[in-house]
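Below, chain A is the first sequence line, B the second, and so on; all start at residue 1.
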Amino acid sequence: MRIACKNLTYQYPRTDACIFNNLSCEFPRPGFHALFGQSGVGKTTLARILSGMIPVSGEFIDHTDVQTVLYTHNTERLPGWSGVGSMIESVTPVDFRKKMRKLIDAFGLTPVLESRFDHLSLGQKNRVNLTRYLLQEFDMLIMDESLANVDESMRGKIIGTIKQWFPEKCFVYISHNMVEVSRFCDHIVVVRGAHRVPQAVAITGMNDFGSAPAAPLKGMEQIMLELAHAS
Amino acid sequence: MLRNRMIQFFLIYLAGILFLLSVKYALNLSDYVIPAPMEIGLTAKAVGIRYVDDVLNTVVIAVLGHIISIILAFSVGILGGQKSWAGALVKTTAYNIQAYPIVAVAPLIFILLGDGLLSRLIISVMICYFPLLLSVMGVLSEPIESIEHFYRVTRKLTWKLQVKIRIFENISTLSTVIVGSATMAMVGTIVAEFVASNAGIGYSIRIALYQSDMAKILIALFWIGICTSGYLTGIELIGNSVHKRLKAV
């Protein structure tokens, strides 16, 4: 399983500003990867291109053994006409019902299943949204700040659960949190401004929870230093 | 809610009467042009109850016309809100037709169908329907991206679900539009009766106009205001109860 983009050049229609200038990057295997970079460098745009939401010429993007790429972001909402429990259940395939109950429990959502989405805290909303995505058929899930507003210990637990229960899937986590990205992610793609050459560089993270194949162990400080330097 | 609406109406009605009387006495106009307060009172006594019957007759047609308009507007609006050639066709047609003053078509309907109940109903529906349709179509063609995204990327977004999401998310706007269109239904019915009918308060106003009897027109306006306020309040109460039920925990 591999998804890569090669020499991608892109600018939004009816604008002059070039967002990507010969950008090349790849997510070479299953695991928990990251897309990192300063605000405005085009992380969300790249995620939307990789997931097919923004169509670009086929030759720039290479999907190997990747059929379904889903993209989720932290401002998504669930319809409010019933409780989040029944909303999650209504979109979960029958085969995944057992997994659904385990995920709900692991993500600490059991007490809020009867509540409407609008009545949840921001962190609970993000957990509910992520849960329903994890219960879909996909090869790659791009999580655009999907764990924003989730407290740190729960965030670690959620990422650990994902890595443990979905080892054959590819996750791309977009976050501005350098510590989190360094600590949990296998392969970190740092996207930089369009004037920088190369526009994207790859760094290996600590991969603290250890999904296969294991990344070489480095000191966290060193990784953070590399990230800061690269971005 | 009803009390506030009634108080507002009474204040506006009273202000209108006072304005007319001040014009009458300032310009020394005869009772033939603007009736004296005593004459208005006597006219109210003479025709008040008959006019209540007439207004209720009009309200029944308006309510019926309003219900038909809502059903039609939602049916066509759902089709017009779709991203298909049929949707685009419906949308363009609706925008073009609503630009034409529908009331001008009323005489044609009376010539074709006569001056019975059906003509009043059709004109009421036509006047109420198009503004309602445009609002409904506007709401139903606007994606709620933050909700629809998930269903779209997972291929679970059916047209029924899309309509349900958009209606639910815009329930306040839609209930305001429906309340607003109730006035249009009332206007449409009165216009129809005024143009050519043999029943309803519009018909009574037309007769009063031929008699140049402003007192009768003022009494008719009073009852129209009272009944319209009651009708609008009723719809608002239904809208609020639906809204509360949908948003309840």
*asked:* Counting only non-hydrogen atoms closer than 4.5 Å, does A:Y71 touch chain B with its backbone (N, CA, C, O), its side chain (CB onward), both, or neither?
replied: both

*Step-by-step side chain to side chain contact (heavy atoms under 4.5 Å, CB included) determination, B:N57 to B:D53*: CA-CA 6 Å; B:N57 186 315; B:D53 277 350; over 6 Å; no

*Using non-hydrogen atoms only, which part of A:Y133 is less than 4.5 Å away from chain B: side chain, backbone, both, or neither?*
both

*Under a 4.5 Å heavy-atom cutoff, which of B:K156, B:K164, B:E145 has the most pairs with chain A?*
B:K164

*Heavy-atom proximity to chain B below 4.5 Å, by part of A:E76*: both

*Give, as side chain, backbone, both or neither, the part of A:V91 having an atom under 4.5 angstrom from any heavy atom of chain B.*
both

*Any donor and acceptor pair, going by atom type alone, linking the side chain of A:D62 with main-chain N or O of A:A4 inside 3.5 Å?*
no

*Relative to each other, are the rings of A:H73 and B:H149 parallel, tilted or perpendicular (30° and 60° limits)?*
tilted

*Using non-hydrogen atoms and a 4.5 Å limit, figure out which bit of A:L78 sits close to chain B: side chain, backbone, both or neither.*
backbone

*Side chain of A:N21, backbone of A:T9: donor and acceptor closer than 3.5 Å?*
no

_Any donor-acceptor pair under 3.5 Å from A:K43 side chain to A:G37 backbone_ = yes

